[in-house]
Amino acid sequence: MEFTAYILDVLTDSAYPARIKIEDGIFKEITPISADCEIKLDVEGLLLPGFIDSHIHIESSMLTPAQFAKIAVMHGTTSVVCDPHEIANVCGIEGIEFMIENASQVPFNFYFSAPSCVPATSFETSGAVLDSEDIEFLLKKDEVVALGEMMNFPGVIDGDVEVIEKLELARKYKKPIDGHAPLLSGKELDKYLEQYIITDHECSNFSEAIEKKQKGMKIMVRDGSSAKNMEALFDFSQRIEYLRNQDSFGIIPSEVLERRIHSPIFDFIVSDDKHPNDLIKGHLNKSVKKAAELGVDIIKAIEMVTINPAAHYGLEAGSIVTGAKADFVVIDNLIDFNILKTYVAGRCVFDGEKVLFDAPEVDARNSIKTTKKTEEDFEVYFDGDECEVNVIECYNGELLTSKSGANLKVINGVVKPDIYDDILKISVVERYGKNNMTNAFIKGFGLKKGAIASSVAHDSHNIIVVGYDSAMMAEAVNTIIENKGGFAIASEDFSESLSLPIAGLMSNEDAFVVANKLEVLHKMSQALGCKLDSPFMTMAFMALLVIPSLKISDLGLFDGDSFEFIDVIKN
């Protein structure tokens, strides 16, 4: 394959016409064409390296790896570094090997990290446990390029033997270690970094990110479905103030300072979690364009999804140079940023209209092992006329929650939610056969009736449900049990569900079918009064105990600040 085209060179921050020769999926020759030569280019548009999402959980797309690849190439993504942490919590090593096998059946580059925290904590029930021997088994695999995000930062700081063993194994096999340290700062952050944990994707504000960057971490700017931190981290008013404060003696001339402002000081743009209804609209192409609209130099933004992740994880692609894997995209221009074609290893996989490969169907087995629930299972009981309760307070587009309280009425011994103050009930139902349950209260969803439930609940993926009415909560949970996983809405007026039978996390359907079903559920949740843009994803993170401040598991209401359970009803 040989042709002429304009290419973007992310190594020199320049664009120029070149003659390109590809053999065996590799860039064999890249020969710049002199400006003096008159030559008609074979390709209209501009060639960029294929985009690399350096931190994503494929399971959160609700698609199999093969189905994910089909939608990703339409947006110019040719590689991902994915952490199969979600399916590992459900199915262990078997689940990870399923992901690797399914991924191998399509022309797309799936690189994996070994999930370091399965389960994420000891304060929840998961479907599997990965110890240091399992991690070593995974790190030996060619497909595994890193140790996945180390969410157990208390274990790192306190020197937990098993945690430290996993970190030492990553260094033994020369694999970088991904971090997960929301709001960690000062001496505790220093202790965390002593273990050579090098990346973080949990920064929610500029000052947090800059402290971690100053201490040697590479910062992933997250632009996902639930957590969107790009605006906060690309806040150029703070960037200017930071640069000026750093240069209090005026060593750097003002004109140099101005040029530096739009060159990002962070390293990667990532998705982390991307729902299918967002994925059909765009992936990294949309994030890069968004970064440019926020003021980031467009070429620097492109480098955050090409050469930067490729260099960090030692990937074959990431630039259009001799010897690199021929993964590239053709865009119309650097302003509109429309994807015209996508190539993987020199093969066209998206021709601008359709994807040129198919995804195999998967035989799913039931991973939901729990009994049907009744209305009484979701009640909170108290002896008195009213009581004060701890309340999880959630926010649109945020993984962080806060801890608040509320005084609730008690009728016939049952603590009642307060629809006028948006105090609803939230419950987690253990799905692996032990039948544990926790009931608590949450603020921020806005539901006026009914309930919504999901078997996607980070990280152990027990069934989680939010609602005003206990009977509807039971109905929604029972629908998920019948469907072998997925999402469900139940109300007096209507009910609907999306089945996710593959580990209770993924569907065999393509992104457009899943997105359409999810959109119906979102509209129904809005009809019930929900105020959140992505209610199911937000709800899923209410069970993620390693994100402050107050969360819930099947074993209890969990204070992420003190890292211990607290009572639902205050003493």
Side-chain angles (χ1 to χ4, degrees), residues 54-57 59-60 81-90 92 96 112-132 134-135 138 146-167 169-170 175-185 188-189 191-204 208 212 217-220 222 224 226-227 229 270 272-273 398-401 456-462 540-553 555 558-564:
S54 50
H55 182 70
I56 190 170
H57 302 281
E59 304 96 315
S60 292
V81 179
C82 53
D83 185 346
H85 175 92
E86 317 305 339
I87 198 168
N89 269 281
V90 177
I96 297 171
F112 293 84
S113 59
S116 65
C117 301
V118 178
T121 72
S122 60
F123 304 103
E124 56 198 309
T125 303
S126 67
V129 175
L130 296 187
D131 60 20
S132 55
D134 296 317
I135 294 300
L138 292 170
L147 181 66
E149 54 181 304
M150 178 48 72
M151 295 183 289
N152 188 1
F153 54 84
V156 177
I157 294 167
D158 296 337
D160 179 276
V161 173
E162 184 70 10
V163 169
I164 299 302
E165 174 66 17
K166 292 176 181 178
L167 297 170
L169 283 168
K175 303 287 176 77
I177 304 169
D178 286 331
H180 170 115
L183 303 181
L184 203 62
S185 180
E188 287 189 331
L189 177 61
K191 192 78 174 175
Y192 187 73
L193 298 183
E194 285 176 5
Q195 295 299 325
Y196 302 94
I197 300 170
I198 195 65
T199 69
D200 189 78
H201 60 275
E202 291 292 343
C203 296
S204 55
E208 176 187 4
K212 290 174 177 174
M217 297 193 88
K218 294 183 178 180
I219 304 302
M220 296 175 165
R222 180 167 52 188
S226 187
N229 307 125
V270 304
D272 194 8
D273 294 291
E398 292 288 342
L399 307 190
L400 296 169
T401 63
V456 178
H458 303 293
D459 275 311
S460 292
H461 299 291
N462 291 300
F541 284 106
M542 296 305 99
L544 185 54
L545 308 187
V546 293
I547 299 283
S549 284
L550 190 60
K551 297 294 173 70
I552 184 173
S553 82
L555 300 180
F558 190 78
D559 188 325
D561 297 322
S562 61
F563 232 66
E564 62 184 6

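We count residues from 1, following the sequence as given.
- In this structure the side chain of Met151 never reaches within 4.5 angstrom of the side chain of Thr121, judged on heavy atoms.
- Contacts of Tyr196 classified as ring pair (Phe, Tyr, Trp, His ring centres under 6.0 Å), with partners at least two apart in sequence or in another chain: none.
- For Tyr192 against Ile157, the heavy-atom pair with the smallest separation is N-CG1, 4.5 Å.
- At least one donor-acceptor pair closer than 3.5 Å links the side chain of Glu208 to the backbone N or O of Leu183.
- Taken from CG in Asn152 to CG in Leu167, the straight-line distance is 9.5 Å, to the nearest 0.5 Å.
- Closest heavy-atom contact between Asp561 and Pro548: OD1-CB, 3.5 Å.
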Is there a side chain to side chain contact (heavy atoms under 4.5 Å, CB included) between Val118 and Asn89? Walk through the geometry before answering.
CA-CA 6 Å; Val118 178; Asn89 269 281; 3.8 Å; yes
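- Remark: the backbone N or O of Lys218 is not paired with any side-chain donor or acceptor of Thr199 at under 3.5 angstrom.
- Looking only at side-chain heavy atoms (C-beta outward), Val546 and Phe563 come within less than 4.5 Å of each other.
- Residues Ile197 and Val156 form a side-chain contact, since some pair of their non-hydrogen atoms from C-beta on lies under 4.5 Å apart.
- Between the side chain of Glu165 and the backbone N or O of Ser132 there is no donor-acceptor pair closer than 3.5 Å.
- With hydrogens and angles ignored, the 3.5 Å screen pairs a side-chain donor or acceptor of Lys212 with a backbone N or O of Ala181.
- For His461, the ring pair (Phe, Tyr, Trp, His ring centres under 6.0 Å) partners at least two apart in sequence or on another chain are His458.
- Atoms CZ and NZ, from Phe541 and Lys551 in turn, are 8.5 Å apart once rounded to the nearest 0.5 Å.
- A donor-acceptor contact shorter than 3.5 Å links the side chain of Thr401 to the backbone of Ser549.
- Contact annotation: the side chain of Ser204 never approaches that of Pro182 to less than 4.5 Å [non-hydrogen atoms, C-beta and beyond].
- Looking at His55 and Asp272, their side chains do bring a donor and an acceptor atom within 3.5 Å of each other.
- By the 4.5 Å heavy-atom criterion applied to side chains, Leu184 and Asp200 are not counted as neighbours.
- Side-chain contact between Glu59 and Val90 is absent, with no heavy-atom pair separated by less than 4.5 Å.
- Classified by interplanar angle (parallel below 30°, tilted 30° to 60°, perpendicular above 60°), the ring pair Phe558/Phe123 is tilted.
- Between the side chains of Glu149 and His85, no donor-acceptor pair is found at a separation under 3.5 Å.
- Note that CG of Asp134 and NZ of Lys166 are 8.0 Å apart. Values are rounded to the nearest 0.5 Å.
- Between Leu189 and Met217 there is a side-chain heavy-atom pair separated by less than 4.5 Å.
- The line from CG of Leu147 to SG of Cys117 is 8.0 Å long, rounded to the nearest 0.5 Å.
- In this structure the side chain of Ile547 reaches within 4.5 angstrom of the side chain of Leu400, judged on heavy atoms.
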